[in-house]
Amino acid sequence: MVDVVIIGGGVVGCMIARELSRYQLKTVLLEKEDDVASGTSKANSAIIHAGYDAKPGTLKAKLNVRGNPLFDKICSELDVPFKRIGSLVVALNEEEVKVLEELLQRGKTNGVPGLEIINREKLMEMEPNISREARAALYAPTAGIVCPYELTIALAENASRNGVEIKLNSPVLSIGVENGEVLAVRTPGETIYTRYVVNAAGLFADEISRMAGAEDYRITPRKGEYLIFDRRFGGIVNTAIFPTPTKISKGILVCPTVDGNFFIGPNSNDVREKDDVAVTQQGIEEIIKSARKLVPELPLKHVIASFAGLRAVSNTDDFVIGASKKVKGFINVGGIQSPGLSSAPAIAEMVVGILKEEGLELKEKSDYNPERPQIFKFRRLSCQEKRELIRRNPAYGRVICRCETVTEGEIIDAIRRPVGARSLDAVKRRTRAGMGRCQGGFCSPRVVEILARELGIDPLEVTKCGSGSEILRGRTKEFIETGGVTGAK
Amino acid sequence: MRLVVLPVQNRELVIIGGGPAGLSAAVEARRLGIKDVLVIDRESEPGGILKQCIHTGFGLHVFKEELTGPEYAERFIEQAENLGVEIMLNTMVIELTADRRIVAVNSREGLIEIQAKAVILAMGCRERTRGAINIPGFRPAGIFTAGTAQRFVNIEGYMPGREIVILGSGDIGLIMARRLTLEGAKVRCVVEIMPYSNGLTRNIVQCLEDYGIPLLLKHTVVNIHGRKRVEGVTIAEVDDDMKPIMETAKFVPCDTLLLSVGLIPENELSRLADIEIDEVTGGPVVNQRMETSVPGIFACGNVLHVHDLVDYVTQEAVSAARGAASYLADGGKKYKHIPVSPGNGLRYVLPQRINVDAMPEERQNFFMRSVRPMAKARLFVESERGVIKSSVLRYVKPSEMISIQLDRDEMRGIKMLNFSLREEGDSVERGE
Ligand SMILES: Cc1cc2nc3c(=O)[nH]c(=O)nc-3n(C[C@H](O)[C@H](O)[C@H](O)COP(=O)(O)OP(=O)(O)OC[C@H]3O[C@@H](n4cnc5c(N)ncnc54)[C@H](O)[C@@H]3O)c2cc1C
Ligand SMILES: Cc1cc2nc3c(=O)[nH]c(=O)nc-3n(C[C@H](O)[C@H](O)[C@H](O)COP(=O)(O)OP(=O)(O)OC[C@H]3O[C@@H](n4cnc5c(N)ncnc54)[C@H](O)[C@@H]3O)c2cc1C
């Protein structure tokens, strides 16, 4: 019997897990994929929004504005890079300048600090590569950028060190309810008896809610596609640059990443399937066309990757957060679309509050440690630190990923730490090995080898992202014996 | 910036990269009497990309025999060892400055700082990836660059897939088509967006035609299917603007997509040293002695421009070593250069500038690539005074480098050099 089961290892589920790990509770987090941050939390714009965008009075507005200032502390405790680079909403004509005024007012109503409309000159000074058409911009100094999967992984790791059990490859199949109260959660491997269930299943939160017989709402996937560029061109913009928003979307932006690259995207298209993260030709063309309106000179020859993420759009138009009125002990945290990442710390606080109201006793632990032990990132160290580290452990002297200068020591760490990497993508998200300009061309054979060795498995069993995504198909000579096509001579 | 003074090694000539370019340069440098020659390579064995090229076809020009990649490399490794070249392996250079300071890292010595009198860049190249060409679709397992697949098969002994589609008809892709077929995989087709192949003609014949593997010209991959592992790709014909014609789209089932869509010189270190890079070649701008815009730093091989024949790599490396030797002898005397430019029909010409009087040899090599295939073409070499030389070339292809030599006497006193290619007769439809 546990106290709380959290369903979903995205940023929301992991933030809640960490928040609960402060207390003397038995908490389990269930994630269906082979790693946390495998859903929407790995593919988004990574912006910690200032909070001027959401409609006043909504949960989105409230939790975004409350969440934003919490990032400095969280990211420093977890050793996750976070940069308050500020954001700009750029107006390209007089019509749009009027919209900036509205946004400014809305921001003030939401309680966003430091907002300011800047003129063309100031804008050009801040962003020399911006379109000559630009008239003015709304500057939000408190907006920041973070690496969303690194944050999610760090939260999971910290929660795990503080006693939360994180179970990967554990899709929730059904939820047992007795006398109107949550009883148990079933996965393929086991049945976990619990008093509370927190539904943070992202795109699938509606299905989980229905599974428990709780509130009925609908989540539809809305795709956003991105192109990411070589780090060499990272300096093209300094802030997160948005076009003036329309009724439907915040628009396609040009934005730096914490790792020094920059991206363009996302567009916004409803799709049918909740796992349709395919990038489309039209999508690529659409984001290039729009992004060029903001920054005309894009180094299109230096795109290194494209990807897509799915927004979990609820039919209520706001986050769906609250205790179920139908099933006691069941808490919905659904429809967490943008600004879900920015709001996550505040969402977690709110959920803990709800659990308390629902009767969960919260006694603080004496040994809760909010800090994540340092992660060595070779390429960020000084010469002296590098030297010292290699002396202590020679594995840090073997560079595996040459584009991002990632060493074998870092990859071994990523595998051995709590909630450790089990696949190529998981190593990539933790170390950046394979995320650079060659996209794993050189390092993937060696990462496969290290994973196999560390996990004690055959290289043929190493996957890209969990079962079914094995990288290799057999040994050489094997197919000939099994009757494959033999070569003519 | 640095707090601690590191023990710095002083070296005469440091060569970054121990592939055929680096090794050839090292051998030549020793022969020219440079005593202290250090080659640094991050791999555990020297030889560079040749280690995984176990097919034959290397050395026809230099040794007049057909060697495999490893055999070709072995000849230089042996010579290098006999001549006392020091090769530092498992060591990656992570920093290079314009005053020729090098920081390298390995697990034995940790961080190594070297002050070199002269440096030769021979870092080779990397493969273009899916991102660079923006193929739509999912991102499952089963998408490899051809070189990575080659490494898996030839070095690690693993098969990347059973049913394969290859995008791009670069040489590595062609060679992998044959290799995988011999290993029992089914190569469904090679898809090439251009109306001609980017590979050597001999590779088309020996790797595709001999095995009945279809080469689909003017086609591309427009979608990748499969959430976890590739389940197939959609291919389509392209129009003259290289836009896919969606009516021609068809699904090809496969579990693997190999990409052979080009190579990019690996110039991250060169950029750190503020070396001027040619946007067309992707490598440094060099002069008659293969010297980059930064005095005392030279370049050769794939880091300079992508080669299809290793013999030319060796030739170029010899020039770079001679250049470095002359630099070490003249102490970096400043010379004026005249520009060398590509005219009609040519994508680039290397070196991009020369000083005729300071040529290390009596003859100068020029390397160039055409913009498109031509069955017959005339190459013109002109100065401000007019045509210096012209010659007829047959079966010109962008994928096959053109190399010509000019004597010092042909170039004395000129102010510029321009190379151009004029087609004679019909153009070649297919690179046959
Ligand atoms: C294109 C785009 C851009 C965005 N940009 C921003 C931005 O700049 N700033 C911002 O603040 N927000 C942004 N967002 C929103 C933000 O990304 C999301 O709000 C946030 O990531 C949601 O996190 P989550 O944990 O709710 O969902 P997810 O990360 O999707 O996590 C849900 C998890 O539940 C798991 N799961 C599902 N079903 C089950 C089951 N049955 N059993 C077990 N596990 C299950 C999934 O595998 C998944 O890992 C953006 C979103 C998109 C799509
Ligand atoms: C797959 C393939 C097939 C080919 N087939 C043929 C053929 O059949 N016949 C033929 O004649 N030619 C062929 N070629 C062409 C020719 O052999 C190559 O172009 C040639 O190997 C290039 O030599 P290089 O020394 O410039 O580069 P490489 O061989 O790539 O060597 C570069 C070396 O530098 C090292 N290095 C790079 N950066 C660093 C750093 N920072 N620190 C330390 N070390 C570093 C690398 O590890 C590598 O060992 C082929 C090329 C390829 C890629």
Side-chain angles (χ1 to χ4, degrees), chain A residues 227-228 232 275 277-281 283-284 301-307 382-384 386-387 390-391 394-399 402-403 405 437-442 444-445 449 459-460 463-482 484-488, chain B residues 2-4 6 42 90 92 94 103 105-111 113 126-127 129-132 134-142 144-145 147-148 151-153 155-162 178 181-186 210-212 222-225 227-229 244 255-256 264 268 271:
Chain A
L227 293 180
I228 184 140
R232 190 143 67 78
D275 61 351
V277 289
V279 172
T280 63
Q281 187 63 39
I284 292 172
K301 264 171 69 185
H302 300 276
V303 170
I304 59 170
S306 58
F307 62 90
S382 70
C383 280
Q384 191 52 27
K386 282 178 178 151
R387 189 164 284 218
I390 301 169
R391 189 170 308 141
Y396 291 105
R398 279 192 284 277
V399 177
R402 54 205 227 188
C403 302
T405 324
R437 46 183 75 88
C438 96
Q439 291 285 298
F442 286 108
S444 57
E449 191 185 304
L460 291 174
T463 67
K464 179 171 186 284
C465 52
S467 175
S469 67
E470 284 71 20
I471 311 278
L472 301 166
R473 297 244 103 163
R475 296 197 170 263
T476 46
K477 307 287 177 284
E478 214 173 77
F479 298 167
I480 305 175
E481 286 149 19
T482 57
V485 197
T486 356
Chain B
R2 282 191 202 114
L3 302 171
V4 189
L6 305 170
R42 63 183 153 216
N90 295 306
M92 169 138 166
I94 55 175
V103 179
V105 56
N106 69 31
S107 53
R108 280 165 283 119
E109 290 134 287
L111 222 59
E113 199 166 336
R126 63 169 185 273
E127 296 177 275
T129 64
R130 174 185 180 181
N134 277 328
I135 312 172
F138 287 92
R139 291 166 297 289
F144 300 85
T145 55
T148 305
R151 184 183 169 116
F152 270 125
V153 177
I155 299 202
E156 324 276 337
Y158 289 99
M159 289 294 282
R162 282 172 180 274
R178 173 175 63 186
T181 305
L182 291 173
E183 284 292 341
K186 172 80 191 156
D210 286 0
Y211 295 87
V222 293
N223 209 349
I224 298 172
H225 307 270
R227 261 73 164 169
K228 291 264 176 179
R229 174 85 201 188
D255 65 4
T256 302
I264 304 169
E268 278 59 54
R271 288 201 175 84

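The chains referred to below are lettered A, B, ... by the order of the sequence lines, with proteins before strands, and numbering in each begins at 1. Below, each value reflects all heavy atoms present in this structure, side chains not excepted, and no hydrogens, waters or symmetry copies.
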ask   = Which is it for D255(B) and R473(A) under the side-chain contact (heavy atoms from CB on, under 4.5 Å) test, yes or no, and what are the steps along the way?
value = CA-CA 9 Å; D255(B) 65 4; R473(A) 297 244 103 163; 2.9 Å; yes

key: Smallest separation among heavy atoms of G184(B) and F479(A), with atom names   = O-CB, 3.8 Å

request  = Give the member of G283(A), S306(A), A305(A) that has the highest number of heavy-atom pairs under 4.5 Å with chain B.
outcome  = S306(A)

key: Top contributor to chain B interface from T405(A), I228(A), D275(A) [non-hydrogen pairs under 4.5 Å]   = D275(A)

query = To the nearest 0.5 Å, what is the distance between CG (N223(B)) and CD (Q281(A))?
reply = 9.5 Å

task = Quick one: pull up NE2 in H302(A) and CD1 in I264(B) and give me the separation to the nearest 0.5 Å.
result = 8.0 Å

message = What part of I471(A) gets within 4.5 angstrom of chain B, counting heavy atoms only: side chain, backbone, both, or neither?
response = both

query = Under 4.5 Å between any side-chain heavy atoms of K477(A) and E183(B), yes or no?
reply = yes

note = Among G397(A), C465(A), G466(A), S467(A), the residue with the most heavy-atom pairs under 4.5 Å to chain B is G397(A)

remark   = Ranking G212(B), G157(B), G110(B) by heavy-atom pairs under 4.5 Å to chain A gives rank one to G157(B)

request  = Drop me the distance from R108(B)'s CZ to I390(A)'s CD1, to the nearest 0.5 angstrom.
outcome  = 11.5 Å

Over-ring placement of R139(B) relative to F307(A), 6.0 Å and 45° cut-offs = no

task = Measure L227(A) against the heavy atoms of chain B and call it side chain, backbone, both or neither at under 4.5 Å.
result = side chain

query = Considering only heavy atoms, which portion of F152(B) lies under 4.5 Å from any heavy atom of chain A: side chain, backbone, both, or neither?
reply = side chain

remark   = Closest non-hydrogen atoms of V399(A) and M92(B), given as atom of the first, atom of the second and distance, are CG1-SD, 3.7 Å

key: Rounded distance (nearest 0.5 Å) linking atom CD1 of I135(B) with atom CD1 of I284(A)   = 9.5 Å

inquiry  = Assess whether a salt bridge exists between E268(B) and R402(A), defined as any Lys/Arg side-chain N lying under 4.0 Å from an Asp/Glu carboxylate O.
reply    = no

ask   = When you look at I94(B) and K386(A), which way does the side-chain contact (heavy atoms from CB on, under 4.5 Å) test go after all the steps?
value = CA-CA 12 Å; I94(B) 55 175; K386(A) 282 178 178 151; 4.0 Å; yes

task = For the pair R391(A) (side chain) and E109(B) (backbone), establish whether a donor and an acceptor sit closer than 3.5 Å, ignoring hydrogens and angles.
result = no

ask   = Side chain, backbone, both or neither: which part of R271(B) has an atom under 4.5 Å from a heavy atom of chain A?
value = side chain

query = If you look at every heavy atom in F138(B) and V277(A), which pair is closest and at what distance?
reply = CE2-N, 3.5 Å

note = For R387(A) and L111(B), the nearest pair of non-hydrogen atoms, with its separation, is NH2-O, 2.8 Å

request  = Supply the atom-to-atom distance Q439(A) CD to R130(B) CZ, rounded to the nearest 0.5 angstrom.
outcome  = 10.0 Å

Euclidean distance, L472(A) CG relative to T256(B) OG1, rounded to 0.5 Å = 9.5 Å

inquiry  = Restricting to non-hydrogen atoms, name the atom on P394(A) and the atom on S107(B) that form the minimum distance, rounded to 0.1 Å.
reply    = O-CB, 2.9 Å

query = Under the 3.5 angstrom rule, does the side chain of R229(B) hit a backbone N or O of E470(A) as a donor-acceptor pair?
reply = yes

request  = Determine the option with the most heavy-atom pairs under 4.5 angstrom with chain B, choosing from G440(A), G441(A), S444(A), S382(A).
outcome  = G441(A)

note = When the 4.5 angstrom heavy-atom criterion is applied to T280(A) and chain B, the contacting part is backbone

